[in-house]
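Every number for a ligand or one of its atoms is a count from 1 in the order of the listing. Along the sequence shown, residues carry numbers from 1.
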Amino acid sequence: METSVIHEGYDSKDMLGSLTTPLFQTSTFTFESAEQGERRFAGDEDGYIYTRLGNPTVTVLEERIAALENGERGLAFGSGMAAVSAILIALTKANDHVLCSSGLYGCTFGLLTMMKEKYNITHDFSTMETEDDVRAHIKPETVCIYVETPINPTMKLIDLEMVARVAKEYGIPVVVDNTFASPYLQKPLDLGCDVVVHSATKYIGGHGDVIAGLAVGKKEFLDEVAMTTLKDIGGVMAPFDAWLLLRGLKTLPVRMDRHCDNAEEIFKRLKDHPNVANVYYPNDVTHSDYPIMKKQMRRGGGVISFEIIGTKKDAQGFLNNLDFLKIAVSLGDAETLIEHPATMTHAVVPEEFQQHMGITDQLIRLSVGLEAWQDIWADLEQALDKISVSSDAYSKVLESR
Ligand code: LCS
């Protein structure tokens with residue numbers, strides 16, 4: 001993997017010896033003759049036509065991500081949501097049904113709500129804790145199982161091998177949003193799932209300077225997506241963004257290991273802080289999902305969620321008291337980013353669903369960056385220490401334990 005992130009899909013011999021992938025910053029490609037243009041459009045001759053249909057810089061990234069996820073074909077999109085919507089729209093038609101993990105990124109939830117309102121494509125949520133949980137929600141009209149793991153923002157895990165096994169019995173494809181793990185920590189296609197999607201904005205880019213999406217799966221299906229919901233809806237990736245992602249990807253394994261090292265240190269300390277009620281992190285031996293993390297993830301990743309003891313106002317006060325850590329949505333960047341899911345990333349999710357997904361007013365999501373963990377902890381600790389918790393709030397937490 002450490003070699004593939006640097007070399008896969010590119011040979012400098014083909015590009016005048018250029019060590020890094022050249023940036024083909026062009027919207028269109030010229031034909032040598034009218035007949036050649038006809039042959040290219042007819043698919044009788046390989047070659048580029050127009051960047052919405054393909055671009056050499058973007059192609060290198062697509063080949064690289066396909067190799068990293070052990071898939072047949074990769075496709076690049078203008079954002080993670082462009083990837084998610086292109087895949088979901090390609091798999092569904094009016095009156096179909098999608099079965100989802102019991103937590104989803106806010107905009108994915110928003111997309112499914114819109115698909116229901118406009119096309120009666122319905123969806124249900126399942127914890128997918130057991131085979132029976134999955135089976136109980138499969139309907140004759142179910143055409144797709146859509147899973148996030150780890151789930152944004154609660155960090156709950158889903159056993160992908162189990163879900164894929166049940167889905168196969170019914171002939172239903174499983175789509176996995178692998179954004180939180182990245183291909184370095186988890187490879188859903190190896191576990192029997194059918195399609196992987198990414199917000200490449202996060203760990204794949206890794207530097208907070210690109211909005212982008214990727215999808216990987218079987219060639220036949222992604223060829224169809226390339227010619228329909230990618231090409232015709234048009235959410236394509238810009239060549240410069242592909243170039244930035246190729247640059248970011250080269251350090252994915254190194255960065256991920258450091259994100260994990262730092263997160264493990266912060267996790268231990270958050271658990272012991274008196275003003276923290278619960279901490280959610282996949283690499284937690286006491287968590288019921290720990291066996292799933294051991295089964296399918298290399299390490300626990302860089303995101304931790306935790307509930308402070310107090311109210312929404314206390315949670316916001318805690319964020320405001322941070323010194324150098326940045327209050328921002330997104331994750332997977334060099335900078336540590338911290339946010340309040342209930343009022344930010346998951347604000348579009350109605351309150352009753354937020355409760356159902358485990359998103360409380362006290363929940364904070366922390367994307368642990370690449371700074372020295374001692375500095376990250378020092379800032380978190382001083383802001384946590386400032387939360388003045390009433391004895392009433394403490395006793396409520398103790399009761400709920
Ligand atoms: N899937 C997951 C799991 C995500 O977390 C996000 C974005 C997307 C898809 C969409 O990707 P985008 O279009 O933004 O590239 N998640 C965000 C978050 O948690 N904070 O800000 C954006």
Exercise for the section: Identify the residue among V84, T179, I204 that makes a side chain to side chain contact (heavy atoms under 4.5 Å, CB included) with S199. Expected result: T179
Within the 3.5 Å criterion, strictly below it, is a donor on [X] or [Y] matched to an acceptor on the partner's side chain?
{"X": "E264", "Y": "Y281", "answer": "no"}
{"X": "E161", "Y": "Q296", "answer": "no"}
{"X": "D124", "Y": "H97", "answer": "yes"}

Need the list: ligand 1 N/O atoms against protein N/O atoms, distance under 3.5 Å, rounded to one decimal.
{"residue": "ligand 1", "atom": "1 (N)", "partner": "D177", "partner atom": "OD2", "Å": "2.6"}
{"residue": "ligand 1", "atom": "5 (O)", "partner": "N152", "partner atom": "ND2", "Å": "3.0"}
{"residue": "ligand 1", "atom": "11 (O)", "partner": "S199", "partner atom": "OG", "Å": "3.0"}
{"residue": "ligand 1", "atom": "13 (O)", "partner": "G80", "partner atom": "N", "Å": "3.0"}
{"residue": "ligand 1", "atom": "13 (O)", "partner": "M81", "partner atom": "N", "Å": "2.9"}
{"residue": "ligand 1", "atom": "15 (O)", "partner": "G80", "partner atom": "N", "Å": "2.9"}
{"residue": "ligand 1", "atom": "15 (O)", "partner": "S199", "partner atom": "OG", "Å": "2.8"}
{"residue": "ligand 1", "atom": "15 (O)", "partner": "T201", "partner atom": "OG1", "Å": "2.6"}
{"residue": "ligand 1", "atom": "16 (N)", "partner": "K202", "partner atom": "NZ", "Å": "2.8"}
{"residue": "ligand 1", "atom": "19 (O)", "partner": "N152", "partner atom": "ND2", "Å": "3.1"}
{"residue": "ligand 1", "atom": "19 (O)", "partner": "R365", "partner atom": "NH1", "Å": "2.7"}
{"residue": "ligand 1", "atom": "19 (O)", "partner": "R365", "partner atom": "NH2", "Å": "3.1"}
{"residue": "ligand 1", "atom": "20 (N)", "partner": "S330", "partner atom": "N", "Å": "2.8"}
{"residue": "ligand 1", "atom": "20 (N)", "partner": "R365", "partner atom": "NH2", "Å": "3.4"}
{"residue": "ligand 1", "atom": "21 (O)", "partner": "S330", "partner atom": "N", "Å": "3.0"}

Exercise for the section: May I ask you to check whether F353 and F109 place their ring centres under 6.0 Å from each other? Expected result: yes
Problem - NZ/NE/NH1/NH2 to OD/OE distance under 4.0 Å, K313 and D361 - result: no
